[in-house]
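Before any comments, here is the structure.
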Number of protein chains: 2
Amino acid sequence: MTEPAATATGYEIALREAGVRITRPRRVILGILADAGDHPDAMEIFRRAVEVERGISLSTVYRTMKLLEGIGAIHRHAFEGGPSRFEPAAGDHHDHLIDIDTGDVIEFQSDRIEELQQEIARALGYDIVHHRLELYGRKRRKQ
Amino acid sequence: MTEPAATATGYEIALREAGVRITRPRRVILGILADAGDHPDAMEIFRRAVEVERGISLSTVYRTMKLLEGIGAIHRHAFEGGPSRFEPAAGDHHDHLIDIDTGDVIEFQSDRIEELQQEIARALGYDIVHHRLELYGRKRRKQ
DNA sequence: ATGCAATTGCAAATCGTTTGCAATTAACGA
DNA sequence: TCGTTAATTGCAAACGATTTGCAATTGCAT
């Protein structure tokens, strides 16, 4: 059976294929990413990593994030204001709704919007390389 | 006749109404914003300002941008990677297509996409406070 | 086991932006 | 017109997020 991408071992396989070493700190970080249900930033990943094994440095977290981003294993999101937040690239494409009160991130997907984007870009003479669609909202008070 | 918002004097009126002083540096910066056809960043505005009158500081550019953003006279865009870029808030709402090769910014608007965003947010129990839709693309090679 | 290049931790550097402070100045009324 | 005074300025230093140089460490192929 094929290992899902967003799995500790899935990441390791991807790294091996990219020809990089599986080091102690990396293994810890990969483990954290693998079972992060949220969209943590570098500092948060660092905190969780130190929890697992002290001595890991923030630099290494950043370096590993860049590495993983480079091989397409994770996505980096620069939501308004704050630092970059990361998430496993596994799974289908989606956009984000950010709760401006809590910082919570909700994923959503709309084929229709994707199509419209394509149409717009084409009409302007462009090919979309990637896009960013973020909705910043507030939970509707149930009345 | 009413002064269009994105005009040097239009800005001054807005500032006066906000109860802030029209100073020499501010007048210069407002003039630059008024006839900026592009989406310059703080450093670029600073360069243009010094051109008009040396002695203006980058701090003042930043402070003025924040002020104008605060009263809703300009919009700040944090496109990928680079520094914040600004544009007069005057005119109707639009989103952006960024040419990843040149940095050029093309504005576009889609009522349909706006509607879909509303629907999505509503379905998730949220009210949209604002959103960010950016298409990053490359000019299609005419073949 | 051994060797060497990849990787690490640390501290210092970087980039964009903000801020403290003393000096300047716009805008008000006399 | 001239002060008076609080808002604004320029400067330099502080800032937060991220990157980097470097010497010490460590995977991993032999």
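So you know, we letter chains A, B, ... as the sequences are listed, proteins then strands, and number each from 1.
By the criterion of side-chain heavy atoms lying less than 4.5 angstrom apart, applied directly or through intervening Ile, Leu, Val, Met, Phe, Trp or Tyr residues, B:Ile98 is not grouped with A:Leu116; the two fall into different hydrophobic clusters. Note on B:Leu58 and B:Leu33: same hydrophobic cluster, where clusters join Ile, Leu, Val, Met, Phe, Trp and Tyr whose side-chain heavy atoms are under 4.5 Å apart, directly or indirectly. Hydrophobic cluster membership is shared by B:Val28 and B:Leu67, with clusters built from Ile, Leu, Val, Met, Phe, Trp and Tyr side chains linked at under 4.5 angstrom. Taken together through direct or relayed side-chain contacts under 4.5 Å among Ile, Leu, Val, Met, Phe, Trp and Tyr, B:Ile32 and B:Ile71 form part of one hydrophobic cluster. A continuous path of Ile, Leu, Val, Met, Phe, Trp and Tyr side chains, each step under 4.5 Å between heavy atoms, connects A:Leu68 with A:Tyr62, placing both in one hydrophobic cluster.
Between B:Arg24 and B:Pro83, the residue anchored nearer the 5' end of DNA chain C, judged by the nucleotide with its closest heavy atom, is B:Pro83. When each of A:Ile22 and B:Gly81 is assigned the nucleotide of DNA chain C bearing its nearest heavy atom, the one mapping closer to the 5' terminus is A:Ile22.
Computed from coordinates, the B:Met43 CE to C:dG16 P distance equals 7 Å when rounded to whole Å. The separation between B:His77 atom NE2 and C:dT17 atom C1' is 18 Å, rounded to whole Å. Per the geometry, CD belonging to B:Glu12 stands 14 Å off P belonging to D:dT8, to the nearest Å. Straight-line distance from the CG atom of A:Leu67 to the C1' atom of D:dG27: 15 Å, rounded to whole Å. Spacing between atom CE of A:Met65 and atom P of D:dT19 amounts to 11 Å, rounded to whole angstrom units. If you measure from atom CZ of A:Arg16 to atom C1' of D:dA29, you get 12 Å, rounded to the nearest angstrom. In this structure, B:Ile29 places its CD1 atom 11 Å from C1' of D:dT9, rounding to the nearest Å. A straight line from CZ of A:Arg27 to C1' of C:dA6 spans 15 Å, rounded to a whole angstrom.
Between A:Glu115 and the choices A:Gln118, A:Arg112, A:Gln117, the side-chain contact (heavy atoms from CB on, under 4.5 Å) rule is met once, by A:Arg112. Applying the side chain to side chain donor-acceptor pair (under 3.5 Å) test between B:His39 and each of B:Arg85, B:Glu87, B:Arg76 identifies B:Glu87 as the sole match. Partner of B:Asp95 under the side-chain contact (heavy atoms from CB on, under 4.5 Å) criterion, out of B:Glu134, B:His131, B:Gln109: B:His131 alone.
The phosphate of D:dA7 (OP1 or OP2) has no side-chain N or O of B:Thr23 nearer than 4.0 angstrom. Distances shown here put a side-chain N or O of A:Lys66 below 4.0 Å from the OP1 or OP2 atom of D:dT19. Residue B:Tyr62 places at least one side-chain N or O closer than 4.0 Å to OP1 or OP2 of C:dT17.
Taking the six-membered ring where the residue is Trp, A:His96 and A:His94 present perpendicular rings, their angle passing 60° and hence far from 30°.
B:Arg63 comes within 4.0 angstrom of a nucleotide base, judged by non-hydrogen atoms across all strands.
In this structure, of D:dT18, D:dC28, C:dT8, it is C:dT8 that holds the atom nearest to the side chain of A:Arg26.
When the local axes at the two ends of the helix from C:dA1-D:dT30 to C:dC15-D:dG16 are compared, using 5 base pairs at each end, they differ in direction by 30° after rounding to 10°.
Contacts between residues 46-61 of chain A and DNA chain C, defined by a heavy-atom separation below 4.0 Å, involve A:Gly55, A:Ile56, A:Ser57, A:Ser59, A:Thr60, listed by number.
In this structure, B:Asp99 CG and B:Leu135 CG are separated by 12.0 Å, a value rounded to the nearest 0.5 Å.
Between the side chain of A:Arg21 and the base of C:dA5 there is at least one donor-acceptor pair of N/O atoms closer than 3.5 Å.
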